[in-house]
Amino acid sequence: MLKSINCGALRLEHVGQTVTLAGWVHRRRDHGGLIFFDLRDRSGLVQVVFNADISAKAHALAESVRPEFVIQVQGVVAARPEGLINPNLATGEIEVEAHQLTILNPAKTPPFPINENTPVRDEVRLKYRYLDLRRASMQQNLILRHQVTTFIRQYLNNQDFLEIETPILLKSTPEGARDYVVPSRIHPGKFYALPQSPQQMKQLLMVAGYERYYQIARCFRDEDLRADRQPEFTQLDLEMSFVESQDVRDLIEAMLIELVESVSDMQIQQKPFPVLTYHEAMERYGSDRPDLRYGMPLVDLTDLVRHSRFGVFANTVAAGGRVKALRVPGAASFSRKRIDQLTDEVKARGAKGLVWLKAERDGLRSSIAKFLSEEEKDGIIQRTAAEEGDLILAVADTAAVVHETLGWLRTHLAAELNLADPNTLAFCWVVDFPLLEWDEEEKRWVAVHHPFTSAKPEHWALLETDPGKALANAYDVVCNGMEVGGGSIRIHDAGHQQQVFRALGISEEEAWSQFGHLLEAFSYGAPPHGGIALGLDRLVAILAREESIREVIAFPKTASAMDLMLQSPSPISPQQLAELHLRIVPPEK
RNA sequence: GGGGGCGUAGUGUAGUGGUCAACACGCCGGCCUGUCAAGCCGGAGAUCGCGGGUUCGAGUCCCGUCGCUCCCGCCA
């Protein structure tokens with residue numbers, strides 16, 4: 001080894017020892033006859049002192065060293081005198097008196113500072129990701145990620161799970177996200193697809209009798225990106241045989257609680273996790289992944305304003321729509337301009353407008369106040385529990401638009417007003433999702449979760465009569481307004497599976513050609529089974545208090561799915577194209 | 001596919017029609033034996049993302065384009 005001990009490990013107990021250190025020069029402070037380095041390795045920083053009186057040679061060489069040089073130092077650990085102790089450094093009670101210095105590799109001046117957490121443009125960070133990863137915040141995040149995966153593996157291994165790898169070269173399927181595809185050289189014109197998730201393989205592992213499986217699985221989806229979406233991402237994928245919904249939830253809930261307690265100082269708001277139905281979550285929070293760190297529930301005014309003289313309300317209700325409101329605490333001071341901005345946002349999400357009412361000492365002030373009866377005004381104040389200084393925002397529209405817009409306002413305004421405690425983790429389960437939803441563009445039913453999700457046992461009949469009413473035996477785990485995982489009890493018999501394919505408008509021939517392996521497997525004794533997939537990147541991002549999952553992925557892609565360091569994707573040679581039997585059709589201008 | 005924000009020395013920013021540009025950090029040189037975001041003195045460094053247009057004059061206004069980013073659509 002080129003070093004005898006890690007920089008960050010040095011303590012008072014090492015005083016007097018001769019040590020060899022190796023690492024990067026984090027910072028240098030040159031006082032002439034005395035030069036200080038903060039020497040960094042993965043374990044942390046330690047101060048190294050070059051004293052011309054102790055080793056003129058080492059001191060002379062140290063003058064030429066610059067930040068990010070890789071060096072080796074041999075020296076003696078010394079206690080720092082009283083008054084020279086640095087309480088901000090774990091190794092601040094000691095320093096290393098350098099006797100020998102070797103420059104293992106010099107370094108160019110880095111394009112951005114490694115030794116401080118100043119903001120840097122993402123394009124520069126990503127181009128030099130290997131330098132960005134040297135920074136303390138990225139190192140902490142990746143260490144945390146390692147702790148999370150290590151904990152999960154140990155936890156599940158102790159629960160009798162097997163970690164089993166499934167193929168990366170898989171098969172394209174018609175349902176779901178766009179696939180990343182890989183051309184076959186051996187089979188001209190044919191393609192593999194990268195897994196969107198190992199869903200079918202893990203179900204086949206259940207058929208194969210492995211009973212408890214998990215995998216830290218890479219998944220690929222060729223869709224447009226977001227702060228919390230990358231083209232490739234990591235799931236904790238898990239499946240169990242002979243279980244019911246409650247069993248999977250109990251296991252995951254216990255694991256998440258222990259995980260948080262072992263790797264984080266954040267507090268879980270409520271244990272056991274609250275369970276909401278999809279219907280409750282939408283009605284109360286306008287979202288199927290509600291942030292429960294704060295209240296601000298949506299309040300239903302539909303019956304109150306059914307006969308309102310304010311035509312928008314009455315007409316909406318008459319047309320079968322809904323009128324709901326949101327109390328924003330202390331926001332009566334919002335300017336007209338601010339409310340106009342909110343109105344624009346709400347319109348962009350499909351609403352026709354936004355009604356505002358300000359709770360003032362002598363009642364409600366609003367552009368629509370003159371249309372509202374005393375009974376309506378009192379009812380609004382009572383139901384929203386509005387107090388002086390509060391702002392009430394109301395939307396009248398279809399239930400879907402009302403929930404979408406008020407749900408957005410709720411989370412957006414809560415963030416703006418800092419209503420969410422950043423040290424709290426508000427986990428909850430959302431259950432009883434619809435099995436199917438109507439796709440207006442495609443004019444057909446599509447799976448809310450995926451087509452292998454089982455309906456609630458008593459709801460199978462609904463699939464034939466009223467498909468939209470059938471509820472799924474599915475569950476999502478949500479934390480602080482983010483979906484961190486979703487799972488279900490799966491279909492394990494070919495009849496139900498065919499029934500779902502029929503409801504989705506997939507013909508029997510197509511079902512057999514695309515999913516024949518699954519249907520056939522189900523005929524050879526498939527056990528009842530279910531599981532879950534947790535978004536590992538999102539989970540780690542939440543624990544790291546990061547907004548974007550890019551901050552917890554070593555080499556992420558940009559919002560346009562490029563790797564700025566590798567300059568990927570990139571063209572391939574004509575020879576490669578020929579081998580793969582591919583010809584490029586340039587996009588039309 | 002659509003919409004918003006951003007792009008000015010290596011990095012972060014200022015500069016919204018009038019000497020082609022300022023500040024901080026970094027970088028280079030000098031001084032300095034107790035600093036730890038070291039200090040002091042001096043210096044170098046920018047075709048203002050790119051292309052076009054408007055104008056007597058464009059970092060600044062307009063159009064296009066590229067890149068980063070956020071959002072909608074999309075994401076079984």
Side-chain angles (χ1 to χ4, degrees), chain A residues 26-39 45-54 59 63 66-68 78 80-89 91-92 95 97 108-128 131 173-179 195-197 199-200 219-231 233 341 344-345 347-350 404 408 412 435-437 439-441 445-453 472 474 483 486 488 500-501 504 506 514-515 533 535 547-548 550 557-560 562 564 589:
Chain A
H26 191 66
R27 206 172 257 125
R28 61 191 298 275
R29 294 176 290 279
D30 186 345
H31 289 233
L34 206 57
I35 300 173
F36 301 95
F37 287 177
D38 290 336
L39 187 62
L45 299 176
V46 70
Q47 173 163 282
V48 178
V49 195
F50 294 88
N51 189 326
D53 296 338
I54 290 171
H59 176 270
E63 284 183 328
R66 292 294 179 271
E68 300 308 313
R80 294 204 198 182
E82 189 81 21
L84 295 179
I85 287 170
N86 183 351
N88 301 319
L89 209 57
T91 59
E95 62 191 4
E97 193 178 79
K108 291 201 288 188
T109 302
F112 53 84
I114 309 296
N115 51 22
E116 40 191 294
N117 262 330
T118 50
V120 177
R121 277 206 311 278
D122 280 3
E123 24 187 329
V124 183
R125 289 180 60 197
L126 291 175
K127 181 176 175 192
Y128 299 98
L131 297 179
T173 53
E175 291 285 300
R178 292 185 185 90
D179 287 314
Q196 298 176 26
S197 95
Q199 179 63 33
Q200 295 182 52
C219 305
F220 306 84
R221 291 178 192 174
D222 186 8
E223 297 290 349
D224 287 349
L225 309 184
R226 292 283 192 286
D228 62 349
R229 277 176 11 203
Q230 282 275 306
F233 61 99
Q341 284 171 355
D344 288 344
E345 292 283 357
K347 283 180 175 169
R349 285 164 176 77
E404 161 71 19
W408 181 85
H412 180 81
L435 188 66
L436 307 173
E437 66 185 346
D439 186 315
E440 198 48 50
E441 270 182 32
W445 293 98
V446 295
V448 169
H449 202 60
H450 56 58
F452 316 111
T453 303
E483 182 195 329
S488 63
V500 169
F501 286 148
L504 295 173
I506 298 173
Q514 296 295 339
F515 303 106
E547 295 284 326
S548 169
R550 283 189 301 272
K557 301 202 173 27
T558 69
S560 58
M562 294 215 295
L564 295 179
K589 281 263 166 139

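Letters A, B, ... mirror the listed sequences (proteins, then strands); counts begin at 1.
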B:C75, B:C70, B:G67: which one has an atom nearest the side-chain heavy atoms of A:Met562?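 From the listed options, B:G67 comes nearest.
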Which nucleotide in B:C72, B:C70, B:G67 has an atom nearest any side-chain atom of A:Leu564: B:G67
When you compare [N] with [M], how far apart are their [atom1] atoms, in angstrom units rounded to a whole number?
| N | M | atom1 | value |
| --- | --- | --- | --- |
| B:U47 | B:G10 | P | 7 Å |
| B:C20 | B:C31 | C1' | 36 Å |
| B:C71 | B:G53 | P | 38 Å |
| B:C28 | B:C63 | P | 44 Å |
| B:A9 | B:G15 | C1' | 15 Å |
| B:C70 | B:U33 | P | 50 Å |
| B:C50 | B:C66 | P | 15 Å |
| B:U60 | B:G45 | C1' | 24 Å |

Let me see the working for A:Asp122 and A:Thr558 under side chain to side chain contact (heavy atoms under 4.5 Å, CB included), right down to the final yes or no. CA-CA 9 Å; A:Asp122 280 3; A:Thr558 69; over 6 Å; no
[X] [atom1] to [N] [atom2], straight-line distance once rounded to whole Å:
| X | N | atom1 | atom2 | value |
| --- | --- | --- | --- | --- |
| A:Phe37 | B:A38 | CZ | P | 13 Å |
| A:Asp224 | B:C75 | CG | P | 11 Å |
| A:Glu345 | B:G5 | CD | P | 12 Å |
| A:Glu441 | B:C75 | CD | C1' | 14 Å |
| A:Glu123 | B:C70 | CD | C1' | 15 Å |
| A:Lys557 | B:C68 | NZ | C1' | 16 Å |
| A:Gln341 | B:G5 | CD | C1' | 13 Å |
| A:Asp344 | B:C71 | CG | P | 19 Å |

Applying ring pair (Phe, Tyr, Trp, His ring centres under 6.0 Å), name anything that partners A:Tyr128, two or more places apart in sequence or on another chain. none
Going by ring pair (Phe, Tyr, Trp, His ring centres under 6.0 Å), name the residues that satisfy it together with A:His59, two or more places apart in sequence or in a different chain. none
Residues passing the side-chain hydrogen bond (donor to acceptor under 3.5 Å, both in side chains) test with A:Glu82, sequence neighbours excluded, are none
Below the 4.0 Å mark, does [N] have OP1 or OP2 next to a side-chain nitrogen or oxygen of [X]?
| X | N | result |
| --- | --- | --- |
| A:Arg550 | B:U69 | yes |
| A:Ser560 | B:G67 | no |
| A:Arg121 | B:U13 | no |
| A:Arg178 | B:C74 | no |

May I ask which nucleotide in the shown strands pairs with [N], Watson-Crick or G-U wobble, both distances under 3.5 Å?
| N | result |
| --- | --- |
| B:U33 | none |
| B:G26 | none |
| B:G18 | B:C56 |
| B:G7 | B:C66 |

Counting any heavy atom closer than 4.0 Å, what does [X] reach on the DNA or RNA strands: base, sugar-phosphate only, or nothing?
| X | result |
| --- | --- |
| A:Val124 | sugar-phosphate |
| A:Arg125 | nothing |
| A:Thr558 | sugar-phosphate |
| A:Thr453 | nothing |
| A:Ala227 | sugar-phosphate |

Check: A:Thr109 main-chain N/O paired with A:Arg66 side-chain donor or acceptor under 3.5 Å: no
Please tabulate, one pair per line, all N/O donor-acceptor pairs under 3.5 Å involving side-chain atoms of residues 27-37 of chain A, not counting sequence neighbours.
residue	atom	partner	partner atom	Å
A:Arg27	NH2	A:Asn115	O	2.7
A:Arg28	NE	A:Val65	O	2.7
A:Arg28	NH2	A:Glu63	O	3.2
A:Arg29	NH1	A:Asp38	OD2	3.1
A:Arg29	NH2	A:Asp38	OD1	2.9
A:Arg29	NH2	A:Gln47	OE1	2.9
A:Asp30	OD1	A:Gly32	N	2.9

Residues passing the side chain to side chain contact (heavy atoms under 4.5 Å, CB included) test with A:Glu483, sequence neighbours excluded, are A:Arg289, A:Asp476, A:Arg538
Is there a donor and acceptor pair, one atom on the side chain of A:Arg229 and one on the base of B:C75, closer than 3.5 Å?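 Present.
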Any N or O donor-acceptor pair linking the side chain of A:Arg349 to the base of B:G73 at under 3.5 Å? no
Per-nucleotide protein contact string for nucleotides 23-37 of chain B, where B marks a base within reach and S marks sugar-phosphate only (heavy atoms under 4.0 Å, - for neither): --S-SSS--BBBBBS
Comparing nearest nucleotides in RNA chain B, the 5'-proximal residue of the pair A:Val448, A:Asp122 is A:Asp122
Should A:Phe452 and A:Phe515 be marked as a ring pair (Phe, Tyr, Trp, His ring centres under 6.0 Å) after you check the CA-CA gap, both sets of side-chain angles, and the distance that decides it? CA-CA 10 Å; A:Phe452 316 111; A:Phe515 303 106; 5.7 Å; yes
Could you check A:Arg349, A:Gln341, A:Lys347 and say which one makes a side-chain hydrogen bond (donor to acceptor under 3.5 Å, both in side chains) with A:Glu345? A:Arg349
Does A:Glu223 pair with A:Arg221 as a salt bridge, N-O distance under 4.0 Å?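 Not counted as a salt bridge, because no side-chain N and carboxylate O are separated by less than 4.0 Å.
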